[in-house]
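Each remark here refers to the structure printed beneath this line.
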Amino acid sequence: MLADRDPPPVSSAGIEREAADETALMARVAAGDGGAFQPLVNGHAVRLRRIAYRMLGDVGEAEDVAQEALLRLWRDAARWRPERAGPAAWLNRVTVNLCLDRLRRTRFVVTEQVPERACDGPSADALIEADQQKAAVVAAIAQLSDRQRAAIVLTYYEGLSNAMAADALDLNLKAFESLLHRARQTLKAALVQAGIAEHPAGGANR
């Protein structure tokens, strides 16, 4: 099952140390060291599957995309240059592009079902309402354009900065922020229509 929990915050020093460690691993992978590749797989595979699942709505497809992205990292390791984006940013970009390619060929289908829950806690009515709201949000995201969906997934679900998400979509920052703004407006309108969000002040139907 794909993890939905957000990772704990990482300090800037931790990020720099991780980047240095991964640069060293990539140098070993480029030399054909398979043992150095496994830590990269362990560090990124879950996130890549999660991104792909939220864009494609299918667990099997998400697994295929994550594996293909990691395979490309292994295959292209000899051309790796440490001054370029780190493995995480590179893998994010490849994963998003693979998803966009698949979405161009097939129609997005929501496969997430409202899960069953035990009734020991909040009332059953409250749990049902929460699950219905979650399902409505998933359905609304599914109706976004492919690139708008990617913008929402990368920023709101994966917690990437606008700059990192822009890089994953191969956009400059201004273009990405415009895309994200449109995605948010479209998503909000869909949630208003579904009764999940309220009309802005003065924006209710007359």
Side-chain angles (χ1 to χ4, degrees), residues 1-4 6 40-41 43-81 84-114 134-194 196-197:
M1 184 174 179
L2 299 178
D4 272 338
D6 292 329
L40 293 170
V41 173
H44 298 290
V46 171
R47 186 188 74 260
L48 301 181
R49 289 197 300 269
R50 194 169 57 221
I51 290 172
Y53 173 70
R54 284 169 170 159
M55 288 189 64
L56 300 173
D58 182 277
V59 173
E61 291 270 333
E63 183 68 33
D64 289 346
V65 165
Q67 289 183 2
E68 174 64 19
L70 289 164
L71 177 62
R72 291 189 183 189
L73 184 67
W74 169 263
R75 188 179 62 208
D76 296 341
R79 298 199 296 270
W80 180 260
R81 295 293 180 271
R84 297 179 180 175
W90 189 91
L91 286 166
N92 287 343
R93 186 184 309 120
V94 171
T95 298
V96 168
N97 285 335
L98 287 170
C99 289
L100 291 174
D101 287 343
R102 291 184 181 228
L103 287 168
R104 292 185 190 105
R105 298 194 300 266
T106 61
R107 181 180 177 84
F108 181 89
V109 178
V110 178
T111 61
E112 181 169 336
Q113 298 179 350
V114 176
K134 179 180 178 182
V137 171
V138 170
I141 291 174
Q143 299 306 311
L144 295 174
S145 71
D146 299 344
R147 293 175 75 82
Q148 286 182 354
R149 188 184 314 140
I152 293 293
V153 167
L154 292 172
T155 54
Y156 286 90
Y157 283 98
E158 292 305 313
L160 298 187
S161 67
N162 285 0
M164 293 175 66
D167 181 69
L169 281 164
D170 198 23
L171 295 172
N172 63 49
L173 184 57
K174 184 175 181 180
F176 174 79
E177 288 177 344
S178 177
L179 174 68
L180 181 60
H181 176 73
R182 294 195 303 273
R184 291 174 61 187
Q185 293 297 104
T186 303
L187 183 59
K188 185 172 183 179
L191 294 177
V192 167
Q193 186 173 11
I196 302 303

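Because only heavy atoms are used, hydrogens play no part in the values below, and waters and symmetry mates are left out as well, while side chains stay in.
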> Looking just at side-chain N and O atoms, do Y157 and R50 make a donor-acceptor pair shorter than 3.5 Å?
Replying inline: no
Can you name the closest pair of heavy atoms from [X] and [Y] and give their distance?
{"X": "A183", "Y": "L144", "result": "O-CD2, 3.9 Å"}
{"X": "A45", "Y": "A66", "result": "O-CB, 4.3 Å"}
{"X": "A69", "Y": "L91", "result": "O-CD2, 3.6 Å"}
{"X": "N172", "Y": "A166", "result": "O-CB, 4.1 Å"}
{"X": "L173", "Y": "A163", "result": "CD1-N, 3.8 Å"}
{"X": "A140", "Y": "L187", "result": "CB-CD1, 3.5 Å"}

Any side-chain heavy-atom pair from [X] and [Y] closer than 4.5 angstrom?
{"X": "N97", "Y": "R93", "result": "yes"}
{"X": "R72", "Y": "W90", "result": "yes"}
{"X": "E158", "Y": "R54", "result": "yes"}
{"X": "V41", "Y": "W74", "result": "no"}

>> R47: which residues meet the side-chain hydrogen bond (donor to acceptor under 3.5 Å, both in side chains) condition with it, sequence neighbours left out?
In response: H44, N92
>> Tell me every residue that passes side-chain hydrogen bond (donor to acceptor under 3.5 Å, both in side chains) with D64, counting only those two or more places apart in sequence or in another chain.
In response: none
> Can I51 and L154 be said to form a side chain to side chain contact (heavy atoms under 4.5 Å, CB included), step by step?
Replying inline: CA-CA 7 Å; I51 290 172; L154 292 172; 4.0 Å; yes
Nearest 0.5 Å, what's the [atom1]-[atom2] distance between [X] and [Y]?
{"X": "L179", "Y": "R147", "atom1": "CG", "atom2": "CZ", "value": "7.0 Å"}
{"X": "L56", "Y": "T95", "atom1": "CG", "atom2": "OG1", "value": "10.0 Å"}
{"X": "T155", "Y": "E177", "atom1": "OG1", "atom2": "CD", "value": "11.0 Å"}
{"X": "E68", "Y": "R102", "atom1": "CD", "atom2": "CZ", "value": "8.0 Å"}
{"X": "Q148", "Y": "R184", "atom1": "CD", "atom2": "CZ", "value": "12.5 Å"}
{"X": "S145", "Y": "R182", "atom1": "OG", "atom2": "CZ", "value": "7.5 Å"}

> Applying the side chain to side chain contact (heavy atoms under 4.5 Å, CB included) test to M55, which of L100, I152, I141 qualifies?
Replying inline: L100
> Is R149 reaching over with its side chain to a backbone N or O of A142, donor-acceptor style, under 3.5 angstrom?
Replying inline: yes
